Each structure stands twice: as structure tokens, then as C-alpha cells.
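Worksheet: the structure to be examined is printed underneath.
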Amino acid sequence: MPELPEVETIARTLAGDLEGAVFENIEVRHICALEQPPEGFAKRLRGRRILSVGRRGKLLLLLLDGGYLFACHLRMTGRLYVPQPDDTPDNHTHLVFTLRRPDGRTFPLFYRDVRKFGACRVHTPEELACWPFYATLGPEPLAMSAADLAARLANKRGRIKAVLLDQKVVAGLGNIYVDEALFRAGIRPDAIPASLSRKRVARLHNAIQEVLQEAIAGCGSSIRDYVDGRGNAGSFQNSFRVYGRAGQPCTVCNTPLVKATIAGRTTVYCPHCQQK
DNA sequence: GTGGCCCTGTGA
DNA sequence: TCACAGGGCCAC
């Protein structure tokens, strides 16, 4: 579900509530939500203060005192949020945390995941570095230069869409924003990276940064499940130019947008505006 | 590389 | 009833 803009929005909206708060209680209602034994998970969290809330790629990260890191990958339907008073845990609420603010008041934090693909873990930095997914994450797209991107694409086989979805190449892009960035860059999703001119890679780099920044400004995209750290939906789904618009006219040239499958994912593009 | 799989819900 | 869904991993 959440790609970089959604995770960034979750981190920003959680920060105000979570930073400075202490994990007082951890209720594990379903162990599917954990990548490690529940006892160790709870033991490591209990009594620990949250220093900051951030992310790396699509991974949500809470920096804790004692050098521990709470890492949460929401995958497709995961949510980590501070519930409204009338929101009670249901069958999909797998973790219920109780946090204590510096002023002594307590509040709940829910981890909910309908499809159970997501998971949380608490690690030391050394342990985190041993986690292959984390250790091999590519650069942050918003902190990457056009030359960085060009260098990363230079010797890649396969189609550009599949390459951009690879978190080892760039961290944080998913199905929505790859399609949107390729449209803005005028590049067909089945183009071969090595065949792209320097100029077109620069245009792609610009398109990636532009679409991610706009999506963050819009607080992410809510198709069905995504909500931020306070349970609110995003708005960038209203600005999609290709994602979910197969068969509809291109916003630029009116040509009907085409649907294809690339890297096992539904892909939408304009056969006129986007070229190999 | 591609396809299947993990899992549940939704909409055609 | 079936196809499909913001992801990532593993076996062909």
C-alpha cells in the first residue's frame, strides 16, 4: 500500500504524538505482525522512549533511546496510527501499544493490517545492518542526483519499470509513483534503461522528484486502505495522470491510456506521449 | 526475468 | 465466482 510519500506522511503525522513518549505496554494480539518472538519484541520496547520518527524508503522507523530502532514495513494494507477515541481494536488490529507522554497522560497506538503482509521489528543498528532488505536498500530518490540515477541505470537489464520498482536500485518507489513518473518523463515502462539518453534519464530523475514532492504535499494517495498517523486519508489520488486510468484519455493528448503487465504489476501508460 | 505465493476484502 | 489490490520473496 504505502509508497514513499505515504510513509513520509505517516512519519510526519506520528512525530508530534510519538516523539518523547514512552512505550508503557505492548499487547500482541496476532504474532503475524512480528518478525521476531513476541517476548523479545515487547521486552525491547517496554519503558523505551521514542526520540524521533522517520523513514528509509518505504520503511517506517522509530528511533528509540538505548540505540534501538523500531522498524515497520506496512506492505500493502498495514497502518500504524493513533486511533480516535471511538476506534476500538478489531480482528485486524494486531498490535495495541500504550504510550505515556512526558506529562504523564497515556494514549494508544494501533498497528492494523488486513492482509497480514506487513511486519514490525525492534533492532539495534548492528542487527538492522544484518537485515538484507535494509542493508541493500538503494539511495533515497529525493536525495539522489541525476548522475546517481544514471549510474544506477547504466548497466541494468530488464525494463525500466521493473528496475525502478527494485528497492535496491532506488528506495521507496512503488507501482503508483513509477507509473506516474514514467508518464511525466515521457518514457515507456518497457523501455530498456541502458538505451535511455543522458537527457532522458535527467528528465526521469526530475519527474521522480517532482511526483514524490507533489504527493507528499498532498499527504499521499488513498486508494482504499491508506491513512496517515492520525487516521486521515491523503489527496494525491485525485492527481493521478495514468495510475488507475486505463482506457481513459491521456491528460495531454487524449489518446486512450493502455494497460499492460510489467514485473507482474498492472501498468498504465500513454502510447503516444511515452516512447521507448 | 516471470509467476506464484503470502492474506483478506471488494467490486465487477 | 473471479480478478485484482500502494509489496517483497522464492522457486523455476
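Here is the naming used below: chain letters follow the sequence lines, and residue numbers restart at 1 for every chain. These figures come from a predicted structure and were not determined experimentally.
- Separating the P atom of B/dG9 from that of C/dG8 is a span of 22 Å, rounded to the nearest Å.
- When each of A/T261 and A/K116 is assigned the nucleotide of DNA chain B bearing its nearest heavy atom, the one mapping closer to the 5' terminus is A/T261.
- For A/R48 (side chain) and A/D65 (main-chain N/O), a donor-acceptor pair under 3.5 Å exists by modelled atom type.
- Listed pair A/Y243 / C/dG6 meets the phosphate criterion, a side-chain N or O lying under 4.0 Å from OP1 or OP2.
- Counting non-hydrogen atoms under 4.0 angstrom, A/S221 reaches a base of the nucleic acid.
- Using a 90° window around 0 for the glycosidic torsion, B/dG9 falls outside it and is classed as anti.
- Taking 4.0 angstrom as the limit, A/T77 places none of its side-chain polar atoms (N or O) nearer than this to OP1 or OP2 of C/dA5.
- C/dA3 and B/dG4 have their P atoms separated by 12 Å, given to the nearest Å.
- One atom, CG of A/L74, and another, C1' of C/dG6, lie 10 Å apart when rounded to the nearest Å.
- Side-chain atoms of A/S221 and A/Y177 include a donor-acceptor pair closer than 3.5 Å.
- Within 4.0 Å of A/G264, counting heavy atoms only, lies no atom of the nucleic acid at all.
- Atom CG of A/D166 and atom P of B/dT2 are 13 Å apart (whole Å).
- Exactly one residue among A/D228, A/D87, A/T13 makes a side-chain hydrogen bond (donor to acceptor under 3.5 Å, both in side chains) with A/Y81. That residue is A/D87.
- The interatomic distance linking A/W131 (CH2) with C/dG8 (P) rounds to 10 Å, in whole Å.
- By the 5.5 angstrom centroid cut-off and the 30-degree plane limit, A/F117 is classified as stacked against the base of B/dC6.
- With no hydrogens or angles considered, a side-chain donor-acceptor pair links A/K161 and A/T267 at under 3.5 Å.
- Atom pair A/R224:CZ and B/dC7:P shows a separation of 19 Å (rounding to whole Å applied).
- Between A/I176 atom CD1 and C/dG6 atom P the separation is 7 Å, expressed in whole Å.
- Figure legend. B/dC7 is base-paired to no nucleotide; pairs are counted as Watson-Crick or G-U wobble with both atom distances under 3.5 Å.
- Side-chain N/O atoms of A/H92 include none lying less than 4.0 angstrom from OP1 or OP2 on B/dC7.
- For the P atoms, the distance linking B/dG3 with C/dC4 amounts to 13 Å, nearest Å.
- A/D148 and A/S145 are linked by a side-chain donor-acceptor pair at a separation below 3.5 angstrom, with hydrogens and angles left out of the test.
- Rounded to whole Å, the distance from CD on A/E180 to P on C/dG6 is 12 Å.
- Base pairing of C/dG6: no nucleotide in any strand meets the Watson-Crick or G-U wobble criterion (both distances under 3.5 Å).
- Listed nucleotides: C/dA5, C/dG8, B/dG1. Nearest to the side chain of A/K58: C/dG8.
- Nucleotide B/dT8 holds its P atom 8 Å from the NE2 atom of A/H30, rounded to whole Å.
- The pair A/D190-A/K276 meets the salt-bridge criterion, with a side-chain N (NZ, NE, NH1 or NH2) lying under 4.0 Å from an Asp/Glu carboxylate O.
- Here the C1' atom of nucleotide B/dT8 and the CG atom of A/D90 are 12 Å apart, to the nearest Å.
- Along DNA chain C, the nucleotide nearest A/S222 and the nucleotide nearest A/F133 are compared for position; the residue whose nucleotide lies closer to the 5' end is A/S222.
- Picking from C/dG6, B/dG1, B/dG9 the nucleotide with the shortest atom distance to the side chain of A/R157 gives B/dG1.
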